[in-house]
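The analysis underlying the following values was restricted to heavy atoms, covering all of them including side chains, and did not include hydrogens, waters or symmetry mates. Along the sequence shown, residues carry numbers from 1.
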Amino acid sequence: TRKVQEMQTILTDVGITPASDPKNLVILSHGYHKSLHTNTYITQLHSSLVLAKGNRKAVERVLFSYKIILSFSDPYAY
């Protein structure tokens, strides 16, 4: 989608490779991961990254915040 492509560009523009940079990767259970990619999730993440656009530290903070939220909200973990 357009939002996903724009988010990938925002990451790339600050030197983060979307598919392989640990800052953009989160270890989640398979069941939880499949349920995440809803329009609401994409819209929220997109909005957060657009606000951080062009500022590497701000982008990293967004990614870290989402990583924490997702990691602690995985109902299938452990």
Looking only at heavy atoms, which two atoms of Pro18 and Thr12 are closest? And how far apart? CD-OG1, 3.7 Å

Does a side-chain heavy-atom distance below 4.5 Å link Glu6 with Lys53? yes

For Asp21 and Gly15 the tightest heavy-atom approach is OD2-O, 4.2 Å

Where do Arg2 and His46 come nearest, in terms of heavy atoms and distance? NH1-NE2, 4.4 Å

So how far is it from Asn24 CG to Thr17 OG1, rounded to the nearest 0.5 Å? 9.5 Å

Side chain to side chain contact (heavy atoms under 4.5 Å, CB included) between Gln8 and Val4, intermediate numbers included: CA-CA 6 Å; Gln8 291 172 340; Val4 171; 3.9 Å; yes

Spacing of Lys23 atom NZ and Leu63 atom CG [to the nearest 0.5 Å]: 9.0 Å

Compare all side-chain heavy atoms of Thr38 with those of Thr43 and state whether any distance is below 4.5 angstrom. no

I need the minimum non-hydrogen distance between Val14 and Gly54, along with the two atoms involved. CG1-C, 4.0 Å

Is the number of heavy atoms from other residues, nucleotides or ligands under 6.0 Å of Ile27 CD1 greater than 12? no

Contacts of Leu70 that satisfy side-chain contact (heavy atoms from CB on, under 4.5 Å) - sequence neighbours left out: Val26, Leu28, Tyr32, Leu36, Tyr41

Could you state the interatomic distance from OG (Ser73) to OH (Tyr66), rounded to the nearest 0.5 Å? 11.5 Å

